[in-house]
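We use all heavy atoms of the structure for the numbers below, so side chains are in, but hydrogens, waters and symmetry mates are not. Within every chain, numbering begins at 1; the chains are lettered A, B, ... in the order of the sequence lines, protein sequences first and strands thereafter.
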Protein chains: 2
Amino acid sequence: MTSVRNRSRLRKGEGEQLRREILAATRDLLAEKGSHDLVSIRDIAHRVGVSPPSIYLHFETKDQLTYAVCREAFEGFGARLLPILAGEGDALDRLRRVGEAYIRWGLDNAALYPVLFLGEPPESMEHEVMAGDPGLLVLAGLVALVRLGMDEGAIRGDSTPEATAWAMWAAVHGTVLLLSSKREWMQSHLAEADTPIGIPGVDELIETVIEAVFRAFSPADG
Amino acid sequence: MTSVRNRSRLRKGEGEQLRREILAATRDLLAEKGSHDLVSIRDIAHRVGVSPPSIYLHFETKDQLTYAVCREAFEGFGARLLPILAGEGDALDRLRRVGEAYIRWGLDNAALYPVLFLGEPPESMEHEVMAGDPGLLVLAGLVALVRLGMDEGAIRGDSTPEATAWAMWAAVHGTVLLLSSKREWMQSHLAEADTPIGIPGVDELIETVIEAVFRAFSPADG
DNA sequence: CCGATCACTTACCAGCGTTCACTTACCGGC
DNA sequence: GCCGGTAAGTGAACGCTGGTAAGTGATCGG
């Protein structure tokens with residue numbers, strides 16, 4: 001059932017191996033259950049084939065374990081978006097592509113996304129780790145790109161670069177969350193209701209949002 | 001401390017009184033703790049001055065209780081937004097005002113907002129109650145207003161009314177969530193970091209988002 | 001005054017994150 | 001070859017959680 005592996009005790013220098021196995025098991029369980037509080041420390045320990053306290057030899061709290069797992073996948077987020085931000089094309093075009101990539105990544109990682117983008121990071125995160133946070137790097141890159149675009153006249157300068165970048169972030173952030181929670185629920189529970197609210201298709205909404213952001217921040221006289 | 005009231009047993013027909021006291025205590029605790037899973041059934045019972053199982057005489061589960069509390073405040077959401085949707089002014093202007101009202105309401109009810117707009121409603125909600133849901137009413141009104149605006153030529157018709165309305169929803173939804181969770185955290189934890197990411201002001205971001213939505217869905221040749 | 005009903009309570013369950021005290025197995029040094 | 005130190009891991013428990021089953025008393029209509 002939950003696949004208890006026949007784990008034999010590791011050799012003396014090999015303790016780190018368990019850490020990796022815990023991360024992997026947590027990642028799998030998170031993907032299976034879909035939410036991090038449906039995954040218990042006992043579940044994880046059982047799947048790894050180890051007793052619950054052993055988890056705490058490698059992670060201080062459950063939150064830190066969860067965050068470590070999400071953070072691992074989070075590197076893929078940076079790897080996908082940063083090249084676009086720093087890549088070719090004019091600023092608006094890059095923004096359009098990074099926006100779409102953001103939404104796609106969020107939907108592909110629907111179980112992890114809320115942990116990373118809704119909750120707060122665990123208290124005891126080192127500043128060093130924090131500084132390398134892909135989310136912060138992307139945000140910084142986004143602000144920089146918006147600023148560049150404004151200087152070039154490719155992005156309208158009605159608002160500050162920060163406010164503009166955050167507005168774009170808000171749009172894709174909201175889109176990911178609506179699509180991954182509200183849309184699915186509405187479609188299954190509202191089908192035969194007497195208030196038939198139209199529900200847009202996933203791709204349709206993504207394109208609408210991206211094009212809207214594109215238009216909204218194009219220079220005044222298009 | 002947690003204010004145990006000296007509750008004496010109620011008379012025979014007055015059972016509903018406890019229900020109201022539970023709702024009130026839950027509302028207060030929710031506001032104090034800021035998140036619904038920091039409030040336990042035992043906390044609520046203690047504050048009301050009653051034993052924990054008594055809660056279950058009036059609410060099936062904790063989720064339903066939480067949702068009932070949020071739902072109560074949710075009526076205020078409908079009361080604030082529906083008149084704007086059905087009010088005066090052209091479609092774009094009404095959309096602008098309803099968008100700003102949405103964000104303001106979300107920020108004013110930051111502890112309740114995620115319960116209503118992120119989690120799923122509890123399983124056993126009657127269809128009747130569901131149909132009167134202010135959120136659904138507002139969404140339906142929004143779609144209708146967008147459709148009207150498109151017919152009048154006041155809103156561009158590149159996308160379907162549903163996708164357009166959802167895109168607007170995504171923008172304000174994302175804005176509320178970023179402002180109420182990420183912004184505060186960043187401001188306190190990122191102040192002295194070596195990656196000084198600019199953080200926009202609350203009002204500044206709201207105005208940027210609203211104006212961006214306004215421009216994005218204005219007709220092609222402004 | 002009696003029996004039904006309402007308004008609760010006491011005692012408990014399984015499961016949670018987490019901690020403490022303890023054992024087991026390996027490894028370098030004598 | 002054994003010995004001490006240490007890394008790796010365990011069993012039992014703590015205090016908490018949401019939730020339930022069964023019982024207790026007051027109150028009310030007849």
Novice: To the nearest angstrom, how far is Ile55(B) atom CD1 from dT17(D) atom P?
Specialist: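 It is 13 Å, rounded to the nearest whole Å.
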
Novice: Can you list, pair by pair, the side-chain donor-acceptor contacts under 3.5 Å of residues 166-180 of chain A, counting residues two or more places apart and other chains?
Specialist:
residue   : atom : partner   : partner atom : Å
Trp169(A) : NE1  : Tyr102(A) : OH           : 3.0
His173(A) : ND1  : Tyr113(A) : OH           : 2.6
Thr175(A) : OG1  : Ala171(A) : O            : 2.6
Ser180(A) : OG   : Val176(A) : O            : 2.9

Novice: Rounded to the Å, how far apart are Phe59(B) CZ and dT20(D) P?
Specialist: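 One finds 15 Å between P of dT20(D) and CZ of Phe59(B), rounded.
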
Novice: Write down the distance between CG (Leu65(B)) and C1' (dT17(D)), rounded to a whole number of angstrom.
Specialist: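 Distance, rounded to whole Å: 15 Å.
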
Novice: Quick one: list whatever passes side chain to side chain donor-acceptor pair (under 3.5 Å) with Arg27(A), sequence neighbours left out.
Specialist: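 With sequence neighbours excluded, Arg27(A) shows a side chain to side chain donor-acceptor pair (under 3.5 Å) to Glu72(A), given in chain and number order.
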
Novice: With sequence neighbours left out, write down each residue that passes side-chain contact (heavy atoms from CB on, under 4.5 Å) with Asp28(B), or none if nothing qualifies.
Specialist: Glu32(B), Arg47(B)

Novice: Provide the start and end nucleotides, 5' to 3', of the part of DNA chain C that has atoms under 4.0 Å from heavy atoms of chain A.
Specialist: dC16(C) to dC27(C)

Novice: I'd like to check the side-chain contact (heavy atoms from CB on, under 4.5 Å) partners of Gln17(A); sequence neighbours left out, ordered by chain and number.
Specialist: Leu10(A), Arg20(A), Glu21(A)

Novice: Only counting residues at least two apart or in another chain, list the ones meeting side-chain contact (heavy atoms from CB on, under 4.5 Å) with Tyr56(B).
Specialist: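 For Tyr56(B), the residues satisfying side-chain contact (heavy atoms from CB on, under 4.5 Å) (neighbours in sequence not counted) are Ile41(B).
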
Novice: Base, backbone or nothing for each nucleotide of nucleotides 6-14 of chain D, written B, S, -, heavy atoms under 4.0 angstrom, 5' to 3'?
Specialist: BBBBBBBB-

Novice: Sequence neighbours left out, what passes side chain to side chain donor-acceptor pair (under 3.5 Å) with Thr61(A)? Give chain and number order.
Specialist: none

Novice: Who are the side-chain contact (heavy atoms from CB on, under 4.5 Å) partners of Thr26(B), not counting sequence neighbours?
Specialist: Ile22(B), Ile44(B), Leu65(B), Val69(B)

Novice: May I ask you to say whether Lys182(A) pairs ionically with Glu120(B), meaning some side-chain N is under 4.0 Å from a carboxylate O?
Specialist: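 Glu120(B) and Lys182(A): not salt-bridged.
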
Novice: Which is more 5' along DNA chain C, the nucleotide nearest Asp43(A) or the one nearest Glu60(A)? Just name the residue.
Specialist: Asp43(A)

